[in-house]
Amino acid sequence: MGQSRPLTFAVPKGRILEEALPVMARAGIVPEAAFHDKGNRALSFASDDGATRIIRVRAFDVATFVAFGAAQAGIVGSDVIEEFDYSELYAPVDLAIGHCRLSVAEPREGQGADDLSARASHLRIATKYPNIASRWFERRGIQAECVKLNGAMELAPSLGLSGRIVDLVSSGRTLAENGLVETDRIMEVSARLIVNRAALKTDPRVAKLVDRFRALVPVAEPA
Amino acid sequence: MIDPADLLPEGLEDRLPHSAAAATRVERAVLDLLDAHGYDRVRPPLVEFEPAMMRRMTGMHTRHMFRFVDPASLRMLALRSDMTPQVGRIAATGLADRPRPLRLCYAGQVARMVGDMLDPRRENLQLGAELIGSDGVAAAGELVELAIAALEAAGATGISVDFTLPDSVDLLAAEQSLDQATTQAIRRELDSKDAGALVAAGGEAFVPLLYASGPFDHAIARLAEFDTGAILASRIEGLRQVAARVGGRARLTLDPAERHGFGYQSWFGFTLYADGVRGALGRGGSYQIAGTDDAATGFSLYPDELVERLGAAEIRRDCLFLPLGHDPAAGASARHEGWRAISALTADDDAAALGCTHVLAEGAIRPL
């Protein structure tokens with residue numbers, strides 16, 4: 001891996017980014033001014049010190065870029081890491097930002113009619129996370145038929161597309177406004193620093209980057 | 001326009017002359033090197049009975065192999081996805097009576113049923129060497145040294161070796177009498193190097209393993225500090241000796257809890273990387289051949305990514321054009337001197353269009 005080339009660091013558009021920027025700054029990654037310019041359509045930005053190239057892509061694509069080694073490191077929610085389960089990804093640091101949860105929700109009025117205790121062996125689920133959802137239901141002896149949607153999951157039950165949804169929940173307001181209630185929590189989600197496995201082992205700059213982020217977030221490191 | 005009926009299935013490709021030449025050169029260079037170190041080549045078949053493909057290696061699965069029913073025996077056959085178990089079978093059967101240590105090498109195509117998004121390739125070239133009859137430090141050192149030399153011979157640069165202790169997590173878990181579910185959860189979090197989740201899974205005692213990774217000297221010192229019960233002491237000492245043997249020839253790193261691709265290895269494993277090649281180029285380690293008393297150490301290279309890179313950089317070789325009616329003795333002597341020479345088929349043959357750089361004219365070789 002050419003040491004002279006800048007490291008590529010992938011960050012997700014949207015929810016996590018606002019919280020991630022200050023953490024990145026403390027770890028020494030400050031994007032150039034153009035990054036904050038709303039009118040700028042560029043997707044790739046230099047860092048202030050030129051040592052890093054920052055790319056802004058969709059959250060799911062952050063994981064793919066890093067797993068492939070096209071970016072050496074990045075920040076993404078643990079929901080995305082879990083959904084892909086890429087063997088090439090390491091998630092060495094929990095950044096303790098972007099907290100929310102991945103939950104099962106269903107229509108308020110339909111509750112109890114076929115709740116999970118008196119359930120059928122088949123359920124139709126609308127979700128952005130077909131892998132996590134089917135694994136979770138599988139462990140409960142239910143075959144989940146997942147309908148993959150990319151947004152507005154909350155509409156699916158009322159329009160008859162699926163009986164339940166699996167989606168990210170933070171305050172629960174969106175669910176409530178769409179007549180849904182949260183029935184089960186699948187996982188707690190927070191943003192992680194992710195790095196490519198081969199890059200960590202072959203490029204010393206990646207290990208240093210991990211150390212810088214680790215220093216920001218105290219974990220149970222032994223004395 | 002290519003007729004869609006001529007398309008190859010996903011993950012399979014033709015190697016055209018440039019990359020085929022690179023692949024041939026890589027294969028030949030590695031096999032020559034192994035031969036020079038006394039490794040005898042064996043050529044197992046492409047297809048075997050399914051159970052034979054897994055029973056010699058604990059942790060080996062046939063799930064990802066192409067499998068089908070043998071019309072002759074009505075038993076399941078499997079297309080090989082890894083040649084190591086085949087070499088294990090040979091050592092346990094046909095060469096069971098040969099004195100140990102037994103040094104064997106192999107080269108061939110392997111296939112798997114499904115590729116994935118990150119690595120869609122379903123067919124790979126596998127080259128490797130197995131030393132059967134020892135899994136000690138001397139064997140480990142020989143194989144790591146040989147693997148580095150093989151990669152150098154193949155044309156790889158900036159070689160990096162990542163050592164691991166595949167059974168260390170099991171040893172530590174047994175020491176702490178952890179149940180299987182907890183051990184599994186701990187392994188999963190170690191795999192993703194997630195310190196937070198590791199603590200949550202009850203693996204607080206394993207967190208130091210995450211910090212005992214990185215450049216070898218630093219990491220092994222940290223691992224030794226962590227190993228207060230001296231459970232890993234002999235392994236640490238073994239690794240130090242192997243590292244001392246190959247130090248300076250490659251960048252060395254340690255990741256004691258790494259187990260990606262180490263399904264059947266025991267105390268020792270390593271992964272090979274090189275500059276400009278995405279992902280691992282190969283791996284190796286020590287293991288047991290099930291059903292025998294044989295311990296073994298070996299490595300396998302999967303050089304397809306390297307071949308892609310070398311193929312692109314392949315330089316055009318000189319080639320001599322032998323016109324119609326040339327002196328066959330002159331042609332033969334040129335080939336004997338090492339020339340690559342094409343004989344004209346017809347009087348209209350265009351030497352340049354055939355890729356020739358030189359021509360034989362009046363008994364002399366001239367540039368075109």
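Owing to the predicted nature of the structure, the values given are computational and were not obtained by experimental measurement. Letters A, B, ... are given to chains in the order of the sequence lines, protein chains preceding strands, and every chain is numbered from 1. Both backbone and side-chain heavy atoms feed into the values below; hydrogens, waters and symmetry mates do not.
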Just list the side-chain donor-acceptor pairs under 3.5 Å for residues 62-71 of chain A, sequence neighbours left out, or say none.
from, atom 1, to, atom 2, distance (Å)
A/T64, OG1, A/F60, O, 3.3
A/T64, OG1, A/Y86, OH, 3.1

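Using a 4.5 Å cut-off on side-chain heavy atoms (C-beta onward), A/R214 and B/L210 make contact. At least one side-chain heavy atom of A/K201 sits less than 4.5 Å from a side-chain heavy atom of B/E258.
The CG atom of A/D203 lies 7.5 Å from the CZ atom of B/R251; values are rounded to the nearest 0.5 Å. Here the CG-CG distance, from A/D85 to B/D191, works out to 9.5 Å after rounding to the nearest 0.5 Å. Considering OG of A/S87 and CG of B/D119, their distance stands at 9.5 Å, rounded to 0.5 Å.
Heavy-atom pairs under 4.5 Å with chain A were tallied for B/G261, B/S192, B/S160; the largest tally goes to B/S192.
Heavy-atom distances place no part of A/D211 under 4.5 Å from chain B, backbone and side chain included. Only the side chain of B/D255 comes within less than 4.5 Å of a heavy atom of chain A; its backbone N, CA, C and O stay farther away. For a residue to count as touching a neighbouring chain, one of its non-hydrogen atoms must lie under 4.5 Å from one of that chain's; by this rule A/E82 touches chain B with the side chain only. Using a 4.5 Å cut-off between heavy atoms, B/D162 touches chain A through its side chain atoms alone. For B/R188, the part lying under 4.5 angstrom from a heavy atom of chain A is the side chain only.
Closest heavy-atom contact between B/L118 and A/E88: CD1-CG, 3.9 Å. For A/T202 against B/Y273, the heavy-atom pair with the smallest separation is CG2-CB, 3.4 Å. For the pair B/G279 and A/A198, the tightest heavy-atom approach, listed with the atom from each and the gap, is CA-CB, 4.2 Å.
Residue A/R101 places its CZ atom among more than 12 non-hydrogen atoms of other residues, nucleotides or ligands, all under 6.0 Å distant. Residue A/E188 places its CD atom among more than 12 non-hydrogen atoms of other residues, nucleotides or ligands, all under 6.0 Å distant. With a 6.0 Å radius and a threshold of 12 heavy atoms from other residues, nucleotides or ligands, A/K208 has its NZ atom at or below the threshold.
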